[in-house]
Amino acid sequence: MAADKADIGNEDKLDVLKSTQTIIKTALDKLGYPEEVFELLKEPLRMMTVRIPVRMDNGTVKIFTGYRAQHNDAVGPTKGGVRFHPNVTEREVKALSIWMSLKCGIVDLPYGGGKGGIVCDPRTMSFRELENLSRGYVRAISQIVGPTKDIPAPDVFTNSQIMAWMMDEYSRIDEFNNPGFITGKPLVLGGSHGRESATAKGVTICIHEALKKKGIDIKGAKVVVQGFGNAGSYLAKFMHDAGACVIGISDAYGALYDPNGLDIDYLLDRRDSFGTVTKLFKNTITNKELLELECDILVPAAIENQITEENAHNIKAKIVVEAANGPTTLEATKILTERGILLVPDVLASAGGVTVSYFEWVQNNQGYYWSEEEVEEKLQKVMVKAFNNVYETAQKRKVDMRLAAYMVGVRKMAEAARFRGWV
Ligand SMILES: NC(=O)C1=CN([C@@H]2O[C@H](COP(=O)(O)OP(=O)(O)OC[C@H]3O[C@@H](n4cnc5c(N)ncnc54)[C@H](O)[C@@H]3O)[C@@H](O)[C@H]2O)C=CC1
Ligand SMILES: O=C(O)CCC(=O)C(=O)O
């Protein structure tokens, strides 16, 4: 059934798949595409559910559930990260794969969107258990992934070590070294310079562009970042280095606030590999309080559904830039936009990660590697162009930035599907 705004009841407002479908429908309608294009794009073309047995350190066997969603491969192979988190659901992974298609469209990569997830809590697992889980996942999905089919990457609670295990397992199955199977690898295994910080770099570039539009100077601008993992911690560092004052950061356990600015280098030094740092401090505030702090720039860089109609009226930032996927609900987007807050949506702001993943894949395919400066220069060009394309679409079509981003992002895959004769 086609989703439209009337379908969204109270209980559905936090359903990320449903809200994504709603915006895609609106974007396609505005662009004049027929209903069948929405029917094609509202769900992934392929969704694989796997059960992965892992021998735990205490001798028992635990069965984990994993997913891989491939949203649409009209443009090219599908691409997107793998999340290890206790709250992973099938609907969430589907939505995340659709967002990947949109991101790839916005930054104009030759990919469709994919995404994976395993229901687990890696914070409670040993290194050996995590390795076995990562390898088991690759064995389970090996038939549908590969460098020309679907290319995984890191996401929440996964990192370059996990990518290395996955790459090694795939190479064993494929019987030759295959670095282009996955991105976000360690440099010595064919990773790219700049991939680890790429998501935050892309967000930083969007912040600079958004500040220009709002006439705000980065020097002394007050910044709040929710999440201190890959995206959030690098972002806090880049903001600090640019002369901004990072007054708040958080992780899953709480938040830190100092109106005079936090010591970001110290926090980076003390955070663990899951982006946890607040446990070391006594005087913490809650994540809820953090989001409502007086600041210029708010960057949600953790999980979904953090800014909702409950707290959107209390957000005091002038600019909200979404490093996380899906941190703001549809209703909250409307409230923030009506309040004149410039919202740079996830599918644009967080596209730096997949952009440098694409660079990594290109380098793997050609067997020739670029310097950090080359990667940064290319990323800068891609992100500035994408930001201005979305911003101008929003102005021209008189729509909010999220809808504008969807309109830009959906067009390429709709056109590709049409040329292929699918719709
Ligand atoms: N790593 C990447 O390349 C990309 C990540 N993203 C998105 O950025 C967001 C963060 O991802 P990463 O930094 O990679 O993950 P990460 O695993 O490195 O860090 C996650 C951070 O979020 C915090 N967190 C988890 N649950 C939380 C909660 N309930 N409340 C507050 N904080 C919580 C964790 O404590 C940690 O600090 C996710 O939405 C992810 O999908 C988007 C594009 C690319
Ligand atoms: O680097 C990639 O391929 C995907 C990153 C990702 O999962 C995301 O942008 O949400």
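Predicted model only: the values in this text are computed from it and were never measured. In listed order, ligands and their atoms are each counted from 1.
Here CD1 of I151 is found 10.5 Å from CD1 of I182. Values are rounded to the nearest 0.5 Å. Within the model, atoms OG of S350 and CG of L235 stand 11.5 Å from one another, a figure rounded to the nearest 0.5 Å. To the nearest 0.5 Å, atom NZ of residue K212 and atom CD1 of residue I207 are 13.5 Å apart.
At the top of the distance list for atom 28 (C) of ligand 1, counting protein heavy atoms only, stands I303 CD1, 3.6 Å. Looking only at protein heavy atoms, the nearest one to atom 40 (C) of ligand 1 is D155 OD1, 3.2 Å. Remark: minimum distance from atom 15 (O) of ligand 1 to any protein heavy atom is reached at V156 CA, 3.5 Å. Among protein heavy atoms, the minimum distance from atom 2 (C) of ligand 1 is reached at T199 OG1, 3.3 Å. For atom 7 (O) of ligand 2, the closest heavy atom belonging to the protein is K115 NZ, 2.7 Å. In terms of protein heavy-atom proximity, atom 30 (N) of ligand 1 is closest to N287 ND2, 3.9 Å.
Evaluated by nearest non-hydrogen atom to atom 5 (C) of ligand 2, the leading choice among K103, K79, R195 is R195. Compare A302, P327, G275, A200 by their heavy atoms: the one nearest to atom 9 (C) of ligand 1 is in A302. If you check each of A153, G229, G352 against atom 21 (C) of ligand 1, the one with the closest non-hydrogen atom is G229. Nearest to atom 6 (N) of ligand 1 by heavy atom, out of G353, A323, A351, is A323.
Aromatic rings from W99 and Y406 are positioned such that their centres are separated by 6.0 Å or more. Between F274 and F157, the ring centre distance stays below 6.0 Å.
By the 6.0 Å contact criterion, NZ on K288 is open, its count of non-hydrogen atoms from other residues, nucleotides or ligands being 12 or less.
Contacts between E360 and ligand 2, counted as non-hydrogen atom pairs separated by less than 4.0 Å, are absent for every part of the residue. Under 4.0 Å from ligand 1, not a single heavy atom of M100 appears. If you look at L96 next to ligand 2, there are no close heavy atoms at all, none under 4.0 Å. Counting heavy atoms closer than 4.0 Å to ligand 1, residue A198 contributes nothing at all. Residue contacts with ligand 1 for N230 involve both N, CA, C or O and side-chain atoms from C-beta outward (heavy atoms, distance under 4.0 Å). Of all the heavy atoms of R83, the ones lying under 4.0 Å from any atom of ligand 1 belong exclusively to the side chain. With a 4.0 Å heavy-atom cut-off, ligand 1 is reached by no atom of S233.
Between A231 and ligand 1, at least one N/O pair is under 3.5 Å apart. Checked by distance only, ligand 1 and S250 stay at 3.5 Å or farther apart across all their nitrogen or oxygen atoms. The N/O atoms of K103, backbone and side chain alike, include none that comes under 3.5 Å of an N/O atom in ligand 1. Residue F157 has at least one nitrogen or oxygen atom sitting less than 3.5 Å from a nitrogen or oxygen atom of ligand 1, judged on distance alone. The shortest N or O to N or O distance between H85 and ligand 1 is not below 3.5 Å. The shortest N or O to N or O distance between A301 and ligand 1 is not under 3.5 Å. Ligand 2 has no N or O atom lying under 3.5 Å from any N or O atom of M100, backbone or side chain. Annotation: A252 places an N or O atom under 3.5 Å from an N or O atom of ligand 1; distance criterion only.
Each of the following atoms of ligand 2 lies closer than 4.0 Å to a heavy atom of S357: 1 (O), 2 (C), 3 (O). The atoms of ligand 2 that sit less than 4.0 Å from any heavy atom of G353 are 1 (O). Near V354, with a cut-off below 4.0 Å to any heavy atom, the atoms of ligand 2 are 1 (O), 2 (C), 3 (O). Close contacts of ligand 1 with S350, meaning ligand atoms under 4.0 Å from a residue heavy atom, involve 42 (C), 43 (C). Those atoms of ligand 1 with a heavy atom of F274 less than 4.0 angstrom away are 34 (C), 35 (O), 36 (C), 37 (O). Of all atoms in ligand 1, numbered sequentially from 1 with element shown, those under 4.0 Å from a heavy atom of R195 are 3 (O). For ligand 2 and G81, the ligand atoms under 4.0 Å from any heavy atom of the residue are 4 (C), 6 (C), 7 (O). Set against the non-hydrogen atoms of A153, the atoms of ligand 2 under 4.0 Å away are 1 (O), 2 (C), 3 (O), 4 (C).
When all heavy atoms of E92 and E304 are compared, the pair lying nearest together is OE2-OE2, 2.7 Å. Here the shortest heavy-atom pairing between P147 and P77 reads O-CG, 4.5 Å. The minimum heavy-atom distance between F387 and C206, with the atom names listed, is CE1-O, 3.8 Å. Contact record, L41 with I98: O-CD1, 4.2 Å, taken as the closest heavy-atom pair. Minimum interatomic distance between K316 and L293 (heavy atoms only, all atoms of both residues): CB-O, 3.8 Å. Minimum heavy-atom separation, N364 to G190: ND2-O, 2.9 Å.
The pair R68-D150 meets the salt-bridge criterion, since a charged nitrogen lies less than 4.0 angstrom from a carboxylate oxygen. Using a cutoff of 4.0 Å between basic side-chain nitrogens and carboxylate oxygens, R123 and D121 are scored as salt-bridged.
For R271, the heavy-atom gap to ligand 1 stays at 4.0 angstrom or more. The shortest heavy-atom distance from Y253 to ligand 1 is not under 4.0 Å. Ligand 1 is approached by N325 to a heavy-atom distance shorter than 4.0 Å.
The salt bridge (Lys or Arg N to Asp or Glu O under 4.0 Å) with D168 is formed by just one residue from the set R135, R139, K185; it is R135. With F181 as reference, V145 is the one residue of D174, T148, V145, I173 to meet the side-chain contact (heavy atoms from CB on, under 4.5 Å) rule.
With sequence neighbours excluded, no residue forms a side chain to side chain donor-acceptor pair (under 3.5 Å) with T355.
The side-chain tip of K378 points at the ring of W370 from less than 6.0 angstrom away and within 45° of straight on. Cation-pi geometry between K201 and Y234 is not met: the NZ or CZ atom fails to fall both under 6.0 Å from the ring centre and inside 45° of the normal.
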Show me the donor-acceptor pairs, under 3.5 Å and distance only, between side chains in residues 323-330 and residues at least two apart or in other chains.
unit_1, atom_1, unit_2, atom_2, d
N325, OD1, K103, NZ, 2.9
T328, OG1, E322, OE2, 2.5
T329, OG1, A332, N, 3.2

